[in-house]
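The structure appears below as structure tokens.
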Amino acid sequence: MVATPLDAIGAEVDRRAREPQGAGTLAELLHESHPFYAGLSAGEVDRMRAYVFAQFARTGFTAEAEAIARDELASSFSPRVLAGLAMGVAGLNGGSRDVWLGLLEAARRRISGRDERVSLDTISAQPCCAAQTADQALMAALSALQLAAAPELRDSADAAPPAPFTLDPNMLAGTSLEDQDGGIYRLDDLIRDSGALIGFFYTRCMNPLKCAATVRLLGQVSELVSCETRPFQTVGISYDGPFDVPERLLRFGQDHGFKFGANALLTRCREGWEALDRAIRLRVNYGGVTVNTHAAELFFLDRDLTAIRLPNGNRYDPAVLTKELSGVGAFSRKSR
Amino acid sequence: MDIEAYRRECLAEIAQSKARKRAGGLPSDVAASLGPDSASIDLTDYAEAMPVLLARFADENAGTPARLAALKALDAMTFNPSAFAGYRADWLQALRDAALDKDVAIRTAVLERLALEKDEYAQGLLTESLEKKRRAIVPTAKAVQLLGFDEHGPGRSVIREMAESGSSKVREEAVRALASDPSAADLLVRLATDKTESNALRKLSTVSLKEAAPDQFERVVRALVGDADDDDTVRATALSAAAHSARLSKSMATGDFAGLVDRISVDSPSRSLKASARRFNKAARI
């Protein structure tokens, strides 16, 4: 057996899972920007996330980990990750049981036709040791939740909504974006008039519920926003700038119903990517060639240089989101 | 061969194939390799056929042709995803179990299928094989090719190394795989413009560069096409690759370069270069 970087990561996960406050330190490992993810293949990322999720069965979830688990259960196509989540469900102590049951059922449907045997005994467990399939793990989690003697899981375990933060004007001025037609913009120019809804994506993303859905949402909002009193910009920025040349941005937008226009751009960063990444704490990491893991990420960057990460990733009704970001909705009053 | 006889032969083959399909039967070559008991296998009956075929495939005593035939029959069954869904995990597991089979033909067939599935276990084996952390499980060029299927997969640094230092076949596969890797742009530029490299490698490098780094590709095309002393087939490949992008050919078809391509399209002694120049001009006019 060849020792790999994953084995070292597995040992660290095991160590954290044994600690008294293990759930909190394990949750840190779910942040896609964690250095452990750097350089891994997408398959290795799945191994790591699955293994971490499974440990919450022992430690119990934190509210933050639970929020991430819900996102992942709602969007992952990886049988391994979903099996890890299914095993971790035993550590649930928050959220509506119906929500979790719905997410588990949806995950089963999503991997129907791509199921596989998975072992999570160790982070590097080989398939020869796999006794159950991901679907069987999801079914077991469903049964456990349905049969649990405890009453409805405690509600309102949502992680605290993300707080607005202030943007550095120098960072904004130093961030240069190239759009699908080769036009060059500075980020501060794009938010100057009415702010901008910024979504992150990359054209090589394999998960239709992430980047394709983000771009589709941006496109729908951009069509609705012109009817609002506050016509903010909608801008997609690629995580994979070196690869996502204008031609690819254009094709990706066209393929996903994105109607390009003066307030609707898909872009890649030409300058200032690292500063932007640091400033808004992107949840993304990279393997040998391209992105290996990322969250679905949308931000509203306001003209007064405040910004907020939208708490539900890309899972919004476009009309509701447009109203809220135009300053008339509940989200705006609560969060901004 | 008499064309009419050939037509009749094809029609008969199609009719036979349709009849077999209706009956859920095996293609004749597969049935022959599986042996006489294959007559009872109905590919539309998943509950019956899957266990039989998986067992035959896993049976090391069945012989290579029979095992490969079983694999082929299983391939056919994957084409009905909803019927196959309930058996997929077992099929995948059977492939993984055979990834280190003693028989290289079985290993290769299995790893090809797993690589197409972007299977992380198979990718790990292939990477370890290339990194010489285990005995080679398939020929090096094949391993590079299979790892190249997945840009999200492992082994990218070893593929970059192979593009510089492998045998010619390995280098060609590695250069193909680098088409998805913008960080390999400088390497691809060097290989494409280095006249001491084989023409085949230079052509592949040029085409891969178009995917990996379109900006640098444009510069390389200008350099290659503008060098009358360079090999005409290399120049023709570069120009043809540019012609496949209307945007690129439009942006390039200006000034001196447009004049050069016009002259090539008329004067070049190379038919392939001349044809590429015409293709380029046509694309630029669209």
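In terms of heavy-atom pairs under 4.5 angstrom with chain A, the leader among Gly153(B), Pro214(B), Ser180(B), Ser183(B) is Ser180(B). Most heavy-atom pairs under 4.5 Å with chain A: of the set Thr78(B), Leu178(B), Asp119(B), Leu92(B), this distinction falls to Leu92(B). Between chain A and the residues Ala212(B), Gly124(B), Pro154(B), the most heavy-atom pairs under 4.5 angstrom are made by Pro154(B).
Of the atoms belonging to Arg248(A), it is side-chain heavy atoms, and not backbone ones, that fall under 4.5 Å from chain B. For Arg114(A), the parts lying near chain B are the backbone and the side chain together; criterion is any non-hydrogen pair under 4.5 Å. Residue Asp150(B): no heavy atom, backbone or side chain, is found under 4.5 Å from chain A. If you measure heavy-atom distances from Phe84(B) to chain A, you find no contacts under 4.5 Å at all. For Val45(A), no part lies near chain B; criterion is any non-hydrogen pair under 4.5 Å.
Residue-environment remark: CD (Glu48(B)) stays at or below the threshold of 12 foreign heavy atoms within 6.0 Å. Counted within 6.0 Å of NZ on Lys259(A), heavy atoms from surrounding residues, nucleotides or ligands total 12 or fewer; the atom is thus considered open.
Side-chain contact between Arg117(A) and Asp90(B): present, with at least one pair of heavy atoms (C-beta onward) separated by less than 4.5 Å. Between Met206(A) and Lys118(B), the closest side-chain pair of non-hydrogen atoms falls below 4.5 Å. The side-chain heavy atoms of Ser41(A) and His152(B), taken from C-beta on, include no pair separated by under 4.5 Å.
Taking the ring-ring contact (aromatic ring centres under 6.0 Å, His included) definition, one finds that Tyr87(B) meets it with nothing, sequence neighbours left out.
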Q: Carefully, step by step, assess Glu117(B) and Glu116(A) under the rule side-chain contact (heavy atoms from CB on, under 4.5 Å).
A: CA-CA 11 Å; Glu117(B) 295 289 326; Glu116(A) 60 185 76; over 6 Å; no
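How far CD of Glu120(B) is from CZ of Arg80(A): 6.0 Å, rounded to the nearest 0.5 Å. Interatomic distance, Ile111(A) CD1 to Arg88(B) CZ, rounded to the nearest 0.5 Å: 9.5 Å.
Below 4.5 Å, heavy atoms of chain B meet heavy atoms from Pro242(A), Phe243(A), all part of residues 236-244 of chain A.
Counting all heavy atoms, side chain and backbone alike, Glu151(B) lies closest to Val289(A) at O-CB, 3.6 Å. The shortest non-hydrogen separation linking Gly288(A) to Asp181(B) is O-OD1, 4.4 Å.
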